[in-house]
Amino acid sequence: MALRIYNTLSRKKEPFQPVTPGKVRMYLCGPTVYKSPHIGHMVGPVIFDAIKRYLVYRGFEVTWIVNITDIEDKLIEAAHRFNTTVQALVEKHTAEYMKVLSDLGIDTIDRFPRATEHMAEIIALCQTLIDKGYAYEAQGNVWFSVEKDEDYGKLSGRKIEQQESGLRANLAGEGKRNPADFGLWKSTKPGEPSWNSPWGPGRPGWHIECSAMAMKYLGQTFDIHGGGMDLVFPHHENEIAQSESATGQPFARCWMHNGLTRIRTKAASGQWQVEKMAGSVGNVVSAQQLIDQYGPDIVRYFLLATHYRSPIEFTDQVLADTKKAYAVFTRLFERVQRLTNQPVSSQGPSVDELGAFKEHRQLFETRMDDDFNTAGAIAELHQMAGQINALIESSKLEQSPDPKVLAQVLAAVQELRNLGGILGLFRVSASAATASDGELSQALMQLIIQLRAEARKNKNFAQADAIRQGLEKIGVVLEDRPGQTLWRKQ
RNA sequence: GGUGGUGUACCCAAGUGGUUUAAGGGGACGGAUUGCAAAUCCGUUAUUCGCCGGUUCGAAUCCGGCCACCACCUCCA
């Protein structure tokens, strides 16, 4: 089955055909680094990371670019407000962004171009648009003339005349000929960061950097352009207008937009309300905090367990459910890890010989081929985990070693890990996950478990239970396995 | 006013015309296992997919109307 992707431009799923056979070039709109990243900022990077991993798995050579917007009105405002410089803000928040990506295991981005490092390209693009008659200079600003672009609005389905004109009228000024025209280059006031240009000192408009950098690194026409749904209009609409007017060529072939993260909050009236999570609303959940609290894999799983185009409603309850769901895998890996001191059959089966297990890979691919249905793909992983546990259970592998069955289990687990790896899951090794806490905790727990074992041996169950319940109260769960007792933090 | 999105069990969430008389996870309940638990396995938990009509041999899936929620049209991933 061939890969199909939902294209916002056509509003349907289309068979994926890269411009250059075997190669995929994609661009994702990155952050304006004026504040710390929140969890909503991670939806795009996480899904695109999974997309890239899947495309690479499918044999494509993939180039993926994420821009960093390091000059923008909000940065100037924030610098002013906090009595610091734009550059200092940029460095601080870019570092935070990179840390979060790194924690989440997103190491597939090939380049992070910055707007301020591409002034020459941006100015050249503005000049081209003026030369071709799509843009005009006025009072040191350069405006894009939307009425010159005959198919303006094709991405968002908007017609300029039908938009609310009252607000628009107020936006006229600074030499704009049409209220809907948007800025390519803005003249700067004294004291603001500025770059020299043919139109005087200024800085780029919001949209132009993406066009300039995407085309520089990916070519005039490339395969996939992504971002949040809130960027469809005006940002992506304007990117298309600028780029295609300048080159006469199609810009991105496929536009992918992820759903926005929402959060449930209590309104002043006391009613619960659901609204998007955004810096401008002030209801954001810090990405770093969430990662620190739940761990990167669970955050990833949380974001991938919903199809990327659906909105994700963020609640503590769902995170708690996610944590439990994910624990099924870590417990399975730990369980298998404990088996590996048993002898393994030297001629372990290949996955193709695993019978019931071998179909999962195909189903996994079918899901992913259908517009990157990561939620469906994760369901396959759960099926596999259940089957592996069932095999361990029915074969009584933990009670009586069986090299052949063990080899089968290990092969199936490897397959599970490989498939999960395509989604960027299961990065923490089983042994690392087991080795919780320091030596002191380990030693103390061994001592406590030893004492409880004595009590059980003497059929002093009241005391044994008291120990276990006491531990439970402080968040430690005991698990009596044949021959040993395991512990873990809740 | 214009544009787009969403509405599937108690909760989260796949599925967009027949292979699904609706995946997967959480929760709940019953069973196996356990001294009791935990973990794991087995089973049960939507005759039904916001509502009303229509098309079709057949629809959660297509069409029309309506309702609710979210978002965009000003910065936002």
Side-chain angles (χ1 to χ4, degrees), chain A residues 8 11 13 28-32 34-35 37-45 66 72-74 77 153 156-168 170-171 180 206 226-235 237 257-262 273-281 284 301-302 305-307 309-313 315 317-328 331-332 334-335 363 367 370 373-383 385-394 398 456 459 461-462 464-465 468-469 472 477-482 485-488:
Chain A
T8 306
R11 306 204 183 286
K13 289 180 194 171
L28 177 70
C29 281
T32 298
Y34 75 105
K35 58 177 189 232
H38 65 259
I39 185 61
H41 287 121
M42 290 300 117
V43 179
V66 176
E72 215 267 325
D73 288 1
K74 276 204 283 237
E77 285 164 26
S156 59
R158 285 158 209 257
K159 300 220 174 355
I160 300 159
E161 321 82 64
Q162 290 173 340
Q163 299 299 305
E164 252 175 20
S165 51
L167 283 169
R168 280 292 194 180
N170 296 330
L171 297 174
W206 176 34
M229 278 184 181
D230 52 347
L231 297 185
V232 173
F233 189 90
H235 187 233
E237 193 71 73
H257 291 100
N258 60 265
L260 299 183
T261 307
R262 301 176 184 171
Q273 60 176 32
V274 175
E275 57 187 357
K276 70 167 179 175
M277 182 184 295
S280 52
V281 185
V284 301
Y301 183 106
F302 168 70
T306 301
H307 184 88
R309 281 192 283 118
S310 300
I312 300 177
E313 194 172 308
T315 63
Q317 182 58 51
V318 175
L319 256 301
D321 289 351
T322 300
K323 191 178 172 184
K324 285 178 186 165
Y326 191 77
V328 169
R331 275 194 227 104
L332 171 61
E334 287 167 3
R335 187 180 196 189
L363 287 166
R367 305 283 207 167
D370 184 13
N373 182 359
T374 54
I378 285 175
E380 278 315 311
L381 302 183
H382 274 284
Q383 297 268 22
Q387 271 186 41
I388 296 168
N389 270 319
L391 176 60
I392 297 173
E393 209 69 19
S394 65
E398 285 163 319
R456 292 177 72 205
K459 304 245 187 265
F461 295 123
D465 290 349
R468 191 177 58 209
Q469 282 152 19
E472 203 173 339
V477 180
L478 292 186
E479 225 179 283
D480 293 325
R481 314 286 314 183
T485 294
L486 304 172
W487 70 277
R488 66 167 185 278

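To find a chain, count down the sequence lines: A is the first, B the second, and so on, and within it residues start at 1. Reckoned from all heavy atoms, side chains included, excluding hydrogens, waters and symmetry mates.
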Trainee: With C1' as the reference atom in both, quote the distance from B/G43 to B/U33 in angstrom, rounded to an integer.
Mentor: 15 Å
Trainee: Among B/A14, B/C41, B/A23, which nucleotide has an atom closest to any side-chain atom of A/Ser310?
Mentor: B/A14
Trainee: Under 4.0 Å between any heavy atoms, over every strand shown, what does A/Met277 touch: base, sugar-phosphate, or nothing? Just pick one.
Mentor: base
Trainee: So what does A/Ala379 hit on the nucleic acid, given a heavy-atom distance under 4.0 Å: a base, only sugar-phosphate, or nothing?
Mentor: base
Trainee: Roughly how far apart, to the nearest Å, are B/C49 and B/U16 at atom C1'?
Mentor: 12 Å
Trainee: In whole Å, measure the gap between the C1' atoms of B/G26 and B/C62 for me.
Mentor: 34 Å
Trainee: Report yes if a donor N or O on one partner sits less than 3.5 Å from an acceptor N or O on the other, where the partners are the side chain of A/Asn373 and the base of B/G15; otherwise report no.
Mentor: no
Trainee: Please measure how far the C1' atom in B/C10 lies from the corresponding atom in B/A46, and state the result in whole Å.
Mentor: 12 Å
Trainee: Could you please name the option among B/G4, B/A13, B/G35 that lies closest to any side-chain atom of A/Arg11?
Mentor: B/G4
Trainee: Under 4.0 angstrom, heavy atoms only, what part of the nucleic acid is A/Glu275 near: base, sugar-phosphate, or nothing?
Mentor: sugar-phosphate
Trainee: Report which part of the nucleic acid A/Gln383 touches: base, sugar-phosphate, or nothing (heavy-atom distance under 4.0 Å, all strands).
Mentor: sugar-phosphate
Trainee: Going by atom types only, do A/Glu237 and A/Ser156 share a side-chain donor-acceptor pair under 3.5 Å?
Mentor: yes
Trainee: Record whether the side chain of A/Arg331 comes under 3.5 Å of the base of B/A39 through a donor-acceptor pair of N or O atoms.
Mentor: no
Trainee: Does the side chain of A/Asn389 come under 3.5 Å of the side chain of A/Arg331 through a donor N or O and an acceptor N or O?
Mentor: no
Trainee: Pick the C1' atom in B/U48 and in B/U61, then give their distance to the nearest Å.
Mentor: 14 Å
Trainee: Taking the side chain as every heavy atom from C-beta outward, state whether A/Thr485 and A/Arg456 have any pair of such atoms under 4.5 Å apart.
Mentor: yes
Trainee: Identify whether any heavy atom of A/Gln317 sits under 4.0 Å from a base atom; if not, whether one sits that close to sugar-phosphate; answer base, sugar-phosphate or nothing.
Mentor: nothing
Trainee: Remember a base hit wins even if backbone is also touched, and classify A/Gly30 as base, sugar-phosphate or nothing at under 4.0 Å, heavy atoms.
Mentor: sugar-phosphate
Trainee: Just call it for A/Leu231: base, sugar-phosphate, or nothing, with non-hydrogen atoms closer than 4.0 Å on any strand.
Mentor: sugar-phosphate
Trainee: Taking only the P atom of each, what is the distance from B/C63 to B/C72 in whole angstrom?
Mentor: 27 Å
Trainee: Looking at A/Lys324, does any N or O in its side chain come under 4.0 Å of the phosphate oxygens OP1/OP2 on B/G25?
Mentor: no
Trainee: In whole Å, measure the gap between the P atoms of B/A39 and B/A14 for me.
Mentor: 27 Å
Trainee: Side-chain donor or acceptor of A/Arg456 under 3.5 Å from a matching atom on the base of B/G35?
Mentor: yes
Trainee: How far, in whole Å, is B/A60 from B/A23 if one measures between their P atoms?
Mentor: 14 Å
Trainee: Should B/A71 form a Watson-Crick or G-U wobble pair with both distances under 3.5 Å, which nucleotide is its partner?
Mentor: B/U3
Trainee: For a 4.5 angstrom cut-off between non-hydrogen side-chain atoms, does A/Leu332 reach A/Ile388?
Mentor: yes
Trainee: Decide yes or no for A/Glu275 and A/Arg262: does some side-chain heavy atom of the first lie under 4.5 Å from some side-chain heavy atom of the second?
Mentor: no
Trainee: With a 4.0 Å cut-off on heavy atoms, is A/Ala390 in touch with a base, just the backbone sugar-phosphate, or nothing at all?
Mentor: sugar-phosphate
